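See structure below.
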Amino acid sequence: MVVEVGSKLEGKVAGITSFGAFIELPGGVTGLVHISEIADTYVKDIHEHLKIGDTVTVKIMNIQQDGKIGLSIKKAQDRPQKSPRQARERGEGFEEKLSKFLKESEDRQSSLRKNYEKRGRGR
């Protein structure tokens, strides 16, 4: 089987380390799924997501000149992409997030200033 960037394949977890998991692909080739490419959420312990012998679908992200293969489990999953319009309609646009952050930040600063002045250390 030809291994090329962008293709999705099934493989078996052959080894687990603190930084990722080695996946044996068809044809006996082995690639690495970095810990950041295992799931969409933060992965603290790989063993909570994978165990040796598991069959997983991976996407080939890169093949280095020395033959090392970079894989991703999370990018191999088919998920509908949100368009920028859909994100805005759900209130998830950048401007809304920034505005909310700035308001919360100003509220915290105001609260800190009031507490500081109450203690008699203000100007």
Side-chain angles (χ1 to χ4, degrees):
M1 174 170 254
V2 178
V3 177
E4 58 186 39
V5 175
S7 59
K8 293 180 184 180
L9 303 169
E10 281 202 358
K12 287 195 183 249
V13 178
I16 296 177
T17 66
S18 60
F19 56 85
F22 290 97
I23 311 297
E24 186 176 333
L25 302 172
V29 197
T30 302
L32 174 70
V33 177
H34 187 266
I35 191 169
S36 64
E37 292 294 326
I38 290 177
D40 285 329
T41 58
Y42 176 74
V43 177
K44 184 174 183 177
D45 182 11
I46 296 173
H47 295 92
E48 293 176 1
H49 297 268
L50 299 172
K51 64 179 189 284
I52 293 178
D54 283 353
T55 300
V56 293
T57 302
V58 294
K59 182 174 182 177
I60 299 176
M61 302 308 295
N62 60 58
I63 301 173
Q64 297 177 359
Q65 288 187 354
D66 60 2
K68 293 180 181 175
I69 302 171
L71 305 171
S72 174
I73 293 174
K74 69 181 182 181
K75 291 181 181 156
Q77 299 170 355
D78 293 324
R79 286 186 294 273
Q81 295 290 325
K82 290 183 187 175
S83 71
R85 181 178 178 185
Q86 287 173 325
R88 281 193 304 275
E89 288 171 356
R90 291 184 180 149
E92 297 172 358
F94 175 75
E95 291 82 10
E96 290 86 0
K97 287 182 180 181
L98 181 60
S99 175
K100 182 180 175 184
F101 170 78
L102 289 173
K103 182 182 179 321
E104 290 173 355
S105 180
E106 180 57 38
D107 290 346
R108 280 191 228 110
Q109 288 291 327
S110 176
S111 175
L112 289 172
R113 274 188 232 111
K114 286 178 186 174
N115 287 335
Y116 188 73
E117 291 169 0
K118 280 183 184 177
R119 292 188 282 175
R121 296 187 182 138
R123 295 182 190 196

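Since we're looking at a predicted model, the values are computed, not measured.
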Checklist outcome for this item: dist F22:CZ -> I16:CD1 (nearest 0.5 Å) comes out at 11.0 Å
Checklist entry - What are the two closest heavy atoms between K74 and A39, and how far apart are they? => result CD-O, 3.4 Å
For residues 45-61, which side-chain donor-acceptor pairs fall under 3.5 Å, sequence neighbours excluded?
residue: D45; atom: OD1; partner: H47; partner atom: N; Å: 3.2
residue: D45; atom: OD1; partner: H47; partner atom: ND1; Å: 3.1
residue: D54; atom: OD2; partner: K51; partner atom: N; Å: 2.9

Checklist entry - For the residue pair I69 and T30, what are the closest heavy atoms and their distance? => result CD1-O, 4.1 Å
Checklist entry - What closest approach, in Å, do K44 and I35 show between heavy atoms, and which atom pair accounts for it? => result O-CD1, 4.4 Å
Item to check | Joint cluster assignment, L71 & F19, ILVMFWY side-chain distance < 4.5 Å | outcome: no
Checklist outcome for this item: Rounded to the nearest 0.5 Å, the CZ atom of R113 sits from the CZ atom of R108 at a distance of 13.0 Å
Next on the checklist: Do E4 and S7 have side chains that approach each other closer than 4.5 Å (heavy atoms only, starting at C-beta)?
Outcome noted: yes
Item to check | Atom pair OG/CD of S111 and E106 - distance to nearest 0.5 Å | outcome: 11.0 Å
Checklist entry - Would L32 end up clustered with V13 when hydrophobic side chains under 4.5 Å apart are linked, directly or stepwise? => result no
